[in-house]
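In listed order, ligands and their atoms are each counted from 1. What's counted below: heavy atoms across the whole structure, side chains too, no hydrogens, waters or symmetry copies.
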Amino acid sequence: MKSEDSSPVGVKAFANLALVKYWGKQDSVRNLPATPSIGINLQELFVETEIEVASPTPGTEPDAQPDLTVEVNGDLQPPERYASFMQALKETSGFQGRLRARSRSSFPPGAGLASSAAGFAALAVGAAVLAERSGGRELSERERSAVARVGSGSAARGVIGGISLFPAGAEHAEQIAPASAWPELRVVVATVTTAAKSISSRRAMESTRDSSPYYRAWLDDAELLKDEALRAIDGRDLEALGEVIRVSYLRMHATMLAARPPVRYWLPVSVQVLEVCEELRRQGVAAYETMDAGPQVKIITNTVDKDRVKEALLQLPLATAPVVTAIAGAPEVHVPGDAP
Ligand code: DP6
C-alpha cells in the first residue's frame, strides 16, 4: 500500500454480543461505561463498509460539510451521530480531512442486533488505515478500540474480536481469548422482528440511570458477575457461563423495566423463545439465552446441541430463520485491488 494511495478501504466487522452487559455510562460525554462487559464477535452477523477520504463538494463551504458522511444499506445517516467519533479520531491520529463511508449489513440494523457495535468497529478500523495513509499516526488496536468506543461503547469490544473484556470506566476493551479459543461455542440468533427498536440503547440507558431505583444495585453487582463469567470462560464451562449470562441480561432488563417511563423491549414472541430455552434446558440441552436493547433473543449453545436449539425455534413465528454462528475475530481489512 503506497502512502499517497487514495483508494477506498474495505472492512468487514462483526456484531459483538455481550455475555455480561454494558448498561449505563460513567461519563456520557466521553462515553465511558459504568459496568464491565464481556463480549464475543459473531461470525455470521457482520457489516461490510467501504470508507474513503472525501474530496470537498464543489460550491459548499468546507465548514458546512460533515467530517464523516455515512450511508447504511443505502440510507444516509444523521451526521451528528458521528461528530464525537470523528473528533476522537482526529485527536488520536492527527488526521485532518473528511471521510465518506458506505455500509451494508448482513442483518437488520437498529433492531437490537448490535449494528452500532459492528458499524463503529468497521469505521474505526477503516478510518485508522486512511488516517495513517494521510500522514497521521499509526493507531494501536487499543487506540482503535478507544476511538470506536466514542461512537458506541459496544464497538470498543467489536474492534478487539474473539472474547473481549471492557472494564468499567475503561477507554478501550482488551482481549481475553482469541476466537479460536472456544471452537465448540455457538450462538443461535432468534430474530423476533426486523423492525427498528422503539428507543435507542443510548437513550434507554441514560433514562435507566436517571430514573431507575434499581440502577445502583445493578452497578454494585456488575463486577461480581464479570468475575464469575471470567472464571467460567477460563474453564470453558458452558453451563456456568450460561447461568451467569442469564443473570446479567435479566438484571439489566429488570433495571430498565423499573425506569420511569419504563423501558420494555420484550415482545410476546421473545417470551416464547425464553420458554423454549427453559424447556430445552429441562431436557438437558445447552440453551442459555440473552437479550439486548431489543426484542431479539440470542441463545448460547455448543456444536452438539445447536441443531436441537434451531429446530425448536423453527416452531415459533420468528421474523427470519434462526442463524447459527461461531465466534469471530477482529474486523478484517481489505484494500480493493490488493490480492485477497
Ligand atoms: C444492551 O454500545 O449501543 O447491547 O455506547 O450508547 O452507543 P452506546 O451503547 P451501545 O449499548 C449496548 C448495550 C447492550 C449491551 C452490550 O452490548 O454490552
Pairing donors with acceptors under 3.5 angstrom, does anything connect the side chains of [X] and [Y]?
X	Y	answer
Trp23	Thr255	no
Tyr288	Glu239	no
Arg157	Asn16	yes
Arg209	Ser28	yes
Ser103	Glu48	no
Thr35	Lys226	no

* Asked: Who passes ring-ring contact (aromatic ring centres under 6.0 Å, His included) against Phe46, sequence neighbours left out?
  -> none

* To do: Starting at CG of Asn73, measure out to CD of Gln77 and round the result to the nearest 0.5 Å.
  => 8.5 Å

Considering only heavy atoms of [X], which atoms of ligand 1 have at least one such atom less than 4.0 Å away?
X	value
Ser116	3 (O)
Lys25	5 (O), 6 (O), 8 (P)
Arg202	5 (O), 6 (O), 7 (O), 8 (P)
Ala18	16 (C), 17 (O), 18 (O)
Ala293	1 (C)

Would you say ligand 1 has an N or O under 3.5 Å from any N or O of [X]?
X	value
Arg157	yes
Gly153	yes
Tyr22	yes
Ser201	yes

* Asked: How does Asn31 reach ligand 1, by side chain, by backbone, by both or by neither, if only non-hydrogen atoms under 4.0 Å count?
  -> side chain

Considering only the protein, which heavy-atom contact is closest to [atom], and what is its distance?
atom	answer
atom 11 (O) of ligand 1	Met205 CE, 3.4 Å
atom 2 (O) of ligand 1	Ser154 OG, 2.6 Å
atom 7 (O) of ligand 1	Ser152 OG, 2.7 Å
atom 4 (O) of ligand 1	Asp292 OD1, 3.4 Å

* Do the ring planes of Phe120 and Tyr82 sit parallel (below 30°), tilted (30 to 60°) or perpendicular (above 60°)? -> tilted

